[in-house]
Amino acid sequence: MPIITLPDGSQRSFDTPITVLDLATSIGTGLAKATLAGKVNGNLVDATYSIDTNATVAIITRRDPEALDLLRHDAAHVMAQAVQEIYPDTQVTIGPAIENGFYYDFARETPFTTKDLELIESKMREIVKRNLPIKREIWDRNAAKELFAKHGEHYKVQIIEDIIPESEEVSIYRQGEWFDVCRGPHLPNTSYLGNGFKLTKVAGAYWRGDSNNAMLQRIYGTAWRDTKELKTYLHQLEEAEKRDHRKLGRTLDLFHIQEEAPGMAFWHDKGWQIYLQLQDYIRNKLKKHGYREVHTPQIIDRTLWERSGHWDKFRQEMFITETEDKIFAIKPMNCPGHIQIYNQGIKSHRDLPLRLAEFGSCHRNEPSGTLHGLMRIRNFVQDDAHIFCTEEQILPEVKAFMELLFEVYKDFGFDEVILAFSTRPEKRVGDDALWDKAEQALETALNQTGLNWKLQPGEGAFYGPKIEFSLRDCLSRIWQLGTIQLDFSMPGRLGATYVAEDNSRKTPVMLHRAILGSIERFIGILIEHYAGALPLWLVPVQAMLMTITNNQDQYCQQIAQRLTQQGLRVELDLRNEKIGYKIREHSLARIPYLLVVGEREQANNTLAVRTRSGENLGTMSIDQLLELLVHENTARLVKNPSYSI
RNA sequence: GCCGGUGUAGCUCAGUAGGUAGAGCAACUGAUUCGUAAUCAGUAGGUCAGCGGUUCAAAUCCGCUCAUCGGCUCCA
């Protein structure tokens with residue numbers, strides 16, 4: 001009967017169908033004990049799964065990467081059981097494993113509190129100790145619906161009706177008295193979950209992710225192989241919180257946000273220095289790559305927004321201002337303005353591609369619940385540009401853009417860029433031939449990067465497909481920075497045309513694109529990526545000159561002048577404080593170079609150089625220091641982002 | 001916008017039957033002139049987010065509003 005091929009290539013044959021667990025036993029009792037599940041021909045299955053045909057099989061133990069998902073999914077089930085034992089009036093809905101943990105959504109009138117979490121968690125530990133075997137049962141669809149209806153689990157009935165495809169069998173997993181409809185697989189026994197889990201937070205979540213539906217109570221948890229792994233993870237979280245740009249923004253005196261202007265940053269001089277540096281950098285990049293910088297009005301009459309289609313769709317998210325009889329919108333984006341510039345005079349195909357860039361300040365009235373430091377803000381400036389081109393120019397323009405984008409990201413030391421490709425939605429403008437061409441162009445460009453990218457079918461805008469380039473913040477949340485979006489709609493709506501080779505009037509294609517995205521968000525990501533210890537060329541104060549005693553004041557001032565003349569941003573600390581105190585303070589302020597001047601240095605015309613991370617570079621002449629700093633500054637060197645104290 | 005948490009000095013946080021606020025750091029003043037991550041002493045600093053209510057009395061109890069944090073939805 002079944003011949004089973006194991007991962008090492010060895011084969012075993014059996015006379016009768018054999019379960020994963022029995023297979024493991026035949027290899028060794030130790031392995032049998034460690035068996036969590038199996039992988040049969042690449043599909044994860046329960047340990048009790050019976051193999052009746054030839055197959056490639058791997059035994060999954062705690063050490064396998066798949067184990068974590070199993071543990072986490074089980075943790076969700078055990079949590080649901082615990083919740084229903086403590087609060088019988090609660091209905092269960094769904095509870096998947098997620099990155100680093102799991103959650104379960106419950107339907108219950110009273111929201112859970114933090115205290116409830118402790119209760120639930122200890123009940124979970126009790127259930128783990130109960131050592132309950134987890135068993136899979138196959139049910140008839142209608143019988144399963146009746147079962148859950150009888151128990152008042154109306155959400156589960158809906159899941160069986162709407163979510164589980166007709167082609168799939170309905171499986172129910174049982175642990176003790178408790179059961180749940182679930183695809184599985186699961187661990188053999190609740191005790192296999194162990195102790196490496198913790199409930200972390202409660203939150204609201206809409207049923208089936210739709211804001212028109214009821215709000216459920218979601219409990220999040222994290223789960224690991226053992227308590228040691230759990231502890232490591234929790235420690236990492238604590239460390240990550242120290243990098244939070246909102247916290248560092250305050251302690252490093254970069255910016256603040258206050259009640260009277262929610263979602264809008266007050267940039268302090270130090271933060272603004274970073275802002276300007278960044279803008280200067282990208283402005284020069286764009287110029288070199290054939291972009292022309294323009295500037296359009298901050299407020300524009302609503303009629304233009306009506307024509308562009310924004311008024312219909314985004315009226316609620318636009319700030320408006322009125323004067324006399326007119327209503328103006330404070331611009332939420334630059335593109336309609338750029339089309340106005342494009343429309344001045346007659347454009348020929350010879351003018352294309354035309355790339356218009358603008359660092360325009362945009363305002364969007366983002367819903368209050370979505371604001372998040374600099375990452376999601378109501379007033380921002382993008383490194384925005386619009387490329388007007390012919391259909392034939394789409395591919396070369398997209399390619400050139402992607403090259404430029406990765407060149408820029410490399411300059412900042414970002415290597416883990418997340419790429420997502422969103423294709424045509426159901427409701428769209430433009431004919432399919434055009435979409436074919438556009439999607440093909442984006443996909444070709446994507447494949448040429450050699451990087452992985454995620455397809456998001458149907459997620460494109462109604463006016464065209466798009467690629468998004470995202471990075472993670474210190475807590476692993478994903479934020480979009482760059483994007484390139486094709487637009488088949490707006491140029492037509494706003495009357496943009498060009499004269500083609502055959503003398504006919506055609507509508508150009510417009511590409512919306514940004515690399516940094518909003519400068520605000522980009523700075524937020526930078527701060528978290530570098531834990532505030534930004535590369536030399538971006539940092540507000542590049543070097544701090546400090547004296548041992550007041551006798552070196554004059555000498556120090558002379559050095560500062562020389563460094564400043566070379567374009568370096570240098571400050572003096574002549575305070576009557578001990579050198580240890582000064583070093584601590586400026587190290588905490590993440591100033592890259594700490595320059596100490598005492599009697600010895602003054603006598604020899606030198607400085608003692610130390611970095612913010614505590615590295616002692618020894619004593620050097622001012623020329624040597626200048627060479628070091630000027631090179632690092634003008635070459636925009638990026639160093640290892642590790643910073644610790 | 002929705003669900004839940006939080007809001008006390010510049011920052012981080014105490015404040016326990018309701019009886020008109022406290023620490024550390026920072027700031028300021030003075031002393032100390034010192035060699036690589038915190039020198040000592042003193043001083044000052046608060047409409048307890050805002051508005052309203054209960055009470056002889058509210059940071060504390062109740063209501064509303066705002067902001068903020070964590071999720072969800074949304075993101076041109």
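Values below: every heavy atom of this structure, side chains too, minus hydrogens, waters and symmetry copies. Just so we're on the same page: letters track the sequence lines, and every chain starts at 1.
- The existence of a salt bridge linking E577(A) and R584(A) is excluded, since no basic side-chain nitrogen approaches an acidic carboxylate oxygen closer than 4.0 Å.
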Counting primed atoms plus P, OP1 and OP2 as sugar-phosphate and everything else as base, spell out the protein contacts along nucleotides 67-76 of chain B at 4.0 Å heavy-atom distance: B, S or - for each nucleotide, 5' to 3'.
SSSBBBBBBB
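- Pairing for rC72(B) goes to rG1(B), judged as Watson-Crick or G-U wobble with the two contacts each under 3.5 Å.
- Checking rC25(B) for Watson-Crick or G-U wobble geometry (two distances, each under 3.5 Å) identifies rG10(B) as its partner.
- What separates OH of Y555(A) from C1' of rG35(B) is a distance of 15 Å, to the nearest Å.
- The pair R472(A)-E99(A) meets the salt-bridge criterion, with a side-chain N (NZ, NE, NH1 or NH2) lying under 4.0 Å from an Asp/Glu carboxylate O.
- Side-chain proximity of P111(A) to rA26(B), rG4(B), rA37(B): nearest is rG4(B).
- Between F106(A) and Y104(A), a ring centre-to-centre spacing shorter than 6.0 Å is recorded.
- Looking at K242(A) and E239(A), a side-chain N of the basic residue comes within less than 4.0 Å of a carboxylate O on the acidic one, giving a salt bridge.
- Each of rG35(B), rU33(B), rA37(B) was ranked by its minimum atom distance to the side chain of A608(A); first place goes to rG35(B).
- If you look at Y155(A) and W207(A), their ring centroids are closer than 6.0 Å.
- Taking atom P on both nucleotides, rU8(B) is separated from rA49(B) by 6 Å, rounded to a whole Å.
- Within 4.0 Å of Q316(A), counting heavy atoms only, lies no atom of the nucleic acid at all.
- Between E615(A) and R610(A), no side-chain nitrogen of the basic residue sits less than 4.0 Å from a carboxylate oxygen of the acidic one, so the salt-bridge criterion is not met.
- Here rG5(B) presents its P atom at 12 Å from CG of L117(A), a figure rounded to the nearest Å.
- Base contact: I548(A) has a heavy atom under 4.0 Å from a base atom.
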